[in-house]
Amino acid sequence: HKFAMGIGVYHAGTMGVEFDDDGVKCGRGTDFGWKIDIMKIWKNPPAHQWFYLKLAVNNPYPDPKALQWAEIHLPTIKPVSITCSFFDSRGKLLSRDVPVNPPPNGHYVALDEVFMRTWDSGNDYHVDWFYAGPASGIPGPVGLRT
């Protein structure tokens, strides 16, 4: 019924992918509150099928030296960009979303948790693996490497 995975700040989920009985959604915190983009809607939710959900957070500071606390001025911290993707069990891309309007307001230096959660009743999800790390280490079919 309700499943989400995400990356965020402790006690304040910043961005995530929801896999619900009404569809797949990409959500993020913004300066205007929590915003959701619909990636896929279904009338009959899939059952007994495997899917891949991918949430990529892109660090706007490719140079680690730019992240040193002494060099960061709060008004100039750049927000991250995110990409939510949804694949079938063979790694075929079913939907992708790169939210830009309004953009996410999360900042890379504040990210400190990766989470999975379910809510409501009747949930029966089986998570095969959960990976949080560099893109070069993503497990799964080759079709999933984007």
Side-chain angles (χ1 to χ4, degrees), residues 1-64 66-67 72 74-146:
H1 295 281
K2 304 285 185 188
F3 174 83
M5 66 173 206
I7 299 174
V9 181
Y10 184 64
H11 286 295
T14 307
M15 54 210 77
V17 179
E18 289 185 22
F19 188 94
D20 300 334
D21 57 0
D22 60 350
V24 181
K25 303 163 191 139
C26 183
R28 75 271 183 205
T30 74
D31 290 342
F32 307 98
W34 184 254
K35 299 296 178 185
I36 296 175
D37 293 353
I38 305 295
M39 297 173 57
K40 173 79 174 164
I41 295 176
W42 41 57
K43 293 179 182 176
N44 297 313
H48 309 291
Q49 297 178 42
W50 286 98
F51 294 95
Y52 292 99
L53 302 175
K54 179 180 176 185
L55 175 63
V57 178
N58 301 307
N59 180 359
Y61 297 95
D63 180 2
L67 283 176
I72 293 177
L74 291 178
T76 63
I77 294 178
K78 300 175 188 175
V80 298
S81 60
I82 65 172
T83 303
C84 299
S85 304
F86 168 53
F87 301 85
D88 70 9
S89 63
R90 295 178 183 251
K92 178 184 173 193
L93 179 66
L94 300 174
S95 182
R96 175 175 286 144
D97 183 49
V98 181
V100 293
N101 188 19
N105 65 359
H107 300 289
Y108 194 81
V109 295
L111 298 176
D112 64 358
E113 90 177 344
V114 177
F115 61 86
M116 291 184 294
R117 69 176 182 241
T118 64
W119 61 102
D120 287 350
S121 59
N123 289 317
D124 189 19
Y125 293 99
H126 301 271
V127 177
D128 190 36
W129 49 260
F130 189 84
Y131 176 77
S136 61
I138 295 174
V142 174
L144 231 178
R145 297 173 196 247
T146 57

Between [Y] and [X], is there a side-chain heavy-atom distance shorter than 4.5 Å?
{"X": "Pro99", "Y": "Lys35", "value": "no"}
{"X": "Met15", "Y": "Val57", "value": "yes"}
{"X": "Phe86", "Y": "Arg96", "value": "no"}
{"X": "Val17", "Y": "Val24", "value": "yes"}

Show the nearest heavy-atom pair for residues [X] and [Y], with the distance to one decimal.
{"X": "Cys84", "Y": "Met39", "value": "O-CE, 3.4 Å"}
{"X": "Pro104", "Y": "Ile82", "value": "CG-CG1, 4.1 Å"}
{"X": "Leu55", "Y": "Gly16", "value": "CD2-CA, 3.8 Å"}

Straight-line distance of [X] [atom1] to [Y] [atom2], nearest 0.5 Å:
{"X": "Ser85", "Y": "Lys54", "atom1": "OG", "atom2": "NZ", "result": "5.5 Å"}
{"X": "Asp31", "Y": "Asn105", "atom1": "CG", "atom2": "CG", "result": "5.0 Å"}
{"X": "Phe32", "Y": "Asn101", "atom1": "CZ", "atom2": "CG", "result": "8.5 Å"}
{"X": "Leu53", "Y": "Leu94", "atom1": "CG", "atom2": "CG", "result": "10.0 Å"}

| field | Presence of salt bridge, Arg28 and Asp37, under 4.0 angstrom | value |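 Salt bridge present between Asp37 and Arg28.
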| task | Considering only NZ, NE, NH1 and NH2 on the basic side and carboxylate oxygens on the acidic side, decide whether Asp20 and Lys25 come within less than 4.0 Å. | result | yes
| query | Are any side-chain N or O atoms of Thr118 and backbone N or O atoms of Phe3, one a donor and one an acceptor, separated by less than 3.5 Å? | reply |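 Side chain of Thr118 to backbone of Phe3: no pair is present.
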| field | Exam field: side chain Asp88 to backbone Arg90, donor-acceptor pair closer than 3.5 Å | value |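 Yes: the side chain of Asp88 pairs with the backbone of Arg90.
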| field | Pair Trp42 and Phe19, ring centroids less than 6.0 Å apart | value |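 So the answer is yes for these two rings.
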| message | Please tell me whether Phe51 and Phe87 form a close aromatic pair, meaning their ring centres lie under 6.0 Å apart. | response | no
| message | Please determine whether side-chain contact (heavy atoms from CB on, under 4.5 Å) holds for the pair Asn58 and Thr83, giving the CA-CA distance in whole Å, both sets of side-chain angles, and the decisive distance to 0.1 Å. | response | CA-CA 8 Å; Asn58 301 307; Thr83 303; 4.1 Å; yes
